[in-house]
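To keep things clear, I will list the structure first and then write my remarks on it.
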Amino acid sequence: MFLTGVLIISAIFIGWITTGYVRLRAGDASTRVDDTNPGTTDAEAVEGKHEPLPRWRKYIFSEDHKTIAKQYLITGIFWAIIGTTLSTLFRLQLGFPDMNMSWLKPILGSWINESGKLDPNFYLALVTMHGTIMIFFVLTAGLSGTFSNFLIPLQIGARDMASGFLNMLSYWFFFLASVVMFTSLFLETGPPNGGWTAYPPLNAIKQAASGSAMGMTYWIFSMALFIISQLLGGINYITTVINLRTRGMSFSKLPLTVWSFFLTAVLGLISFPVLLSAVLLLLFDREFGTSFYLSELYVSGELLNNQGGSPILYQHLFWFLGHPEVYIVLLPALGMTSEIFAVHCRKPIFGYRAMVASMMGIVFLAFIVWGHHMFVSGMNPFLGSVFMFLTLIIAVPSAVKVFNYLTTLWRGNIHFTPQMLFAIGLVSFFITGGLTGLILGNSVLDIHLHDTYFVVAHFHFVMGGVSSFGFLAGIYQWFPKMFGRMLNPKLGYIHFWGLFIGIYLLFFPMHYMGIAGFPRRYYAFTSYDWLKNTYADMNVFITLAALLVHAANFTFLFNFIHSIFWGKKAPQNPWRANTLEWTTPVEELHGNWPGPIPAVYRWPYDYSKPNAKEDYIPQNVPYSQTPESNLAHENELIELEKQINAQNLNDQFKQPH
């Protein structure tokens, strides 16, 4: 915990110093940096100009938040391809355990043995790498890194992040972590194969398994770089939201997307250092003979010298991050869904304040429920009942969000665009995964279901389904702003239905298999007659569903690449949305806005307002220009518009909603 405190204080200090440096870097008034929105001079803001940069600074080591967001996006998509491909390989093993896989030998080499079967050690490596890649590199860095970077400055009215340099470092630490993890796939001893949670003692003893050797060392080094990346990014997001909002942009006028990114950064800033502590102690046990997690173990008949450690300590440290990690990947997806619902239902989001409060409640409760992952670790039953009680409570703020989504849909003028379909599919997965989460949150039931396919199904509906659908919904929604072109909607519909149907066919049957006791993490179930005779056909069915999901994702990949170069050119505001990013030009430029940044006068969800000329009113439209649709208290705010235009009244101009 001491290390956690040091890292957090250091991150805050660095963020404060760099923000101050950006604000003070110009000397005289003619080149003064905009006090509320650093990142460009007044002259540059008026003319929309910027000193030309060499290509390697503009596109590679860029400090522009939009370019960095695209770097995160492309890297995340690359890792998604790798991660889903690995899952397809081990699903082939599970669906067809007796199949000759020699046709994969040119690709996998010695991991296909002489009999044409997948090597058991490599199967475990596939499962380990799939989990690590999808959870950390795709759904954490890919999702949050892309949209936090891209949307926070644009939606709060900032010219860039608080520190472009730290932002660049954040991406490149992530990239280095990716290179190290990817390299582990080609080690002679094999990639790490002790599970994505890296539990000791298996992963603390080099000679325990082939993947416990150099592969696990690479895993630890990669995760350390990844955590540094997340901390740099998180402090930048928090600093930007607090300090760089445009005139009139109070916290009560922030889009729910920004709220979700802000609270996600808070979650990561507090919890990721604990995981860093856990993996560093694991490294000490592996390399320096310490005994944090090891005690009185025999390996190949030899008694190790380690005494006094406990592998349960690692579980506490890991899951202190592990459960907030669930919401680190969920909250950005839920925040973007809120925005997409309002835009494409053409009505205000229901319960804005309740949505913000529910996210805050989730952030608080996420830190005190980690023990429900450890019901089978032998913990005191009384302590287990406390964690069970807290776990059931966290369902309340989650249910608030679901009910508000459904109420927003009710009687809305719904536009069934691809992003809207993905957002609706997200809510469906959230309900399905949430209900099964209530079952696993009960310690009595979890002890029976813990190591079965029921957990696999629940986990993939919540983390895989919800987060990936939020990621995809965000891409379809903001692709025109990112690349200036439109994605093909017909291919988007094919992508959605293939993915939505495929995920339900893939994971829903696993609930019944898990209740019947079908174990997870098994390389082959053919050794047990009751499993082979009962579930062989079901495993074939699930594997075919996995192939359907994989094919649907390649539909998206083609659409994504083709549309970047040959897609239909996007208008400035294709969805007729209210938030500030749609007031910027289609052509990207330094500082986001060619002139002064627009002030904000209203909340972001004025859709289908009675008597309004249009069914949307952007945030930068003053109340004095919409007298026909103003409510009584809104007319009273007209007098404050002059003050808004004259100075920064972020916290003084508040609108009740």
Side-chain angles (χ1 to χ4, degrees), residues 3-26 33-40 50 53 56-73 75-76 136-137 140-179 223-245 258 261-273 275-276 328 332 590-592:
L3 178 60
T4 300
V6 170
L7 287 171
I8 291 174
I9 293 172
S10 300
I12 293 173
F13 179 74
I14 292 171
W16 177 70
I17 289 294
T18 52
T19 304
Y21 168 74
V22 169
R23 290 189 174 188
L24 299 175
R25 65 185 179 183
V33 175
D34 187 330
D35 289 336
T36 59
N37 295 282
T40 186
H50 174 57
L53 293 173
W56 66 272
R57 286 283 286 115
K58 185 175 182 181
Y59 297 109
I60 301 177
F61 296 105
S62 175
E63 295 184 18
D64 185 278
H65 72 99
K66 300 182 291 297
T67 301
I68 294 173
K70 293 175 186 177
Q71 290 174 327
Y72 269 108
L73 176 60
T75 309
F136 294 114
F137 290 0
T140 300
L143 172 56
S144 185
T146 297
F147 291 105
S148 294
N149 267 298
F150 190 77
L151 291 180
I152 285 177
L154 288 170
Q155 289 196 336
I156 69 172
R159 298 212 181 272
D160 208 317
M161 284 291 181
S163 171
F165 180 71
L166 284 187
N167 208 16
M168 178 191 69
L169 281 183
S170 173
Y171 171 75
W172 283 104
F173 269 107
F174 166 56
F175 183 82
L176 288 175
S178 301
V179 171
M223 290 306 301
L225 293 172
F226 174 82
I227 293 168
I228 293 172
S229 163
Q230 295 306 296
L231 293 176
L232 291 174
I235 193 62
N236 220 357
Y237 306 150
I238 294 171
T239 305
T240 302
V241 172
I242 292 176
N243 291 336
L244 304 186
R245 288 166 286 129
V258 176
F261 301 145
F262 176 75
L263 294 173
T264 298
V266 172
L267 265 176
L269 194 63
I270 298 174
S271 59
F272 267 117
L275 178 61
L276 181 60
I328 286 172
H590 176 75
N592 295 330

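Computed from a prediction, not measured in an experiment: that's the story for all the values here.
- Put simply, the side chain of Ile238 does not reach to within 4.5 Å of the side chain of Phe261, judged on heavy atoms.
- The distance from atom CG of Leu154 to atom CG of Asn149, rounded to the nearest 0.5 Å, is 10.5 Å.
- With values rounded to the nearest 0.5 angstrom, Met223 atom CE is found 6.5 Å from Phe137 atom CZ.
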message = Between Ile328 and Ser271, does the side chain to side chain contact (heavy atoms under 4.5 Å, CB included) criterion hold? Intermediate values first, please.
response = CA-CA 10 Å; Ile328 286 172; Ser271 59; 3.9 Å; yes

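- For the pair Met161 and Pro153, the minimum side-chain heavy-atom distance is below 4.5 Å.
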Practice item. Show your reasoning for whether side chain to side chain contact (heavy atoms under 4.5 Å, CB included) applies to Ile152 and Val241. Key: CA-CA 7 Å; Ile152 285 177; Val241 172; 3.8 Å; yes

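- In this structure, the side chain of Thr240 engages the main chain of Ala162 through a donor-acceptor pair within 3.5 Å.
- Residues Ser148 and Tyr237 have side chains in contact (heavy-atom distance under 4.5 Å, counting atoms from C-beta outward).
- Here the closest non-hydrogen pair linking Pro332 and Thr264 is CD-OG1, 3.3 Å.
- Interatomic distance, CG of Leu276 versus CD1 of Ile227, reported as 4.5 Å (0.5 Å rounding).
- Separating the CD1 atom in Ile60 from the CE atom in Met168 is a distance of 12.0 Å, to the nearest 0.5 Å.
- No side-chain donor-acceptor contact under 3.5 Å links Ser229 to the backbone of Phe173.
- Put simply, the side chain of Leu244 does not reach to within 4.5 Å of the side chain of Arg159, judged on heavy atoms.
- To the nearest 0.5 Å, the span separating CG on Leu231 from CD1 on Ile270 amounts to 11.5 Å.
- Annotation: side chain to side chain contact (heavy atoms under 4.5 Å, CB included) contacts of Ala141 (sequence neighbours excluded): Tyr72, Phe174, Phe226, Gln230.
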**Request:** Apply side-chain hydrogen bond (donor to acceptor under 3.5 Å, both in side chains) to Lys66 and Asn592, showing your working.
**Result:** CA-CA 9 Å; Lys66 300 182 291 297; Asn592 295 330; 2.8 Å; yes

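- The shortest side-chain heavy-atom distance between Tyr171 and Thr75 falls under the 4.5 Å cut-off.
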Q) After noting the C-alpha distance and the side-chain angles of Phe262 and Ile242, does the key distance pass the side chain to side chain contact (heavy atoms under 4.5 Å, CB included) rule? A) CA-CA 9 Å; Phe262 176 75; Ile242 292 176; 3.9 Å; yes

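- A heavy-atom distance below 4.5 Å is not found between the side chains of Glu63 and Asp160.
- In plain terms, the two heavy atoms of Gly268 and Pro273 that are nearest each other are O-CD, 3.8 Å.
- Taking CG of Asn236 as the reference point, atom CG of Asn167 lies at 5.0 Å (rounded to 0.5 Å).
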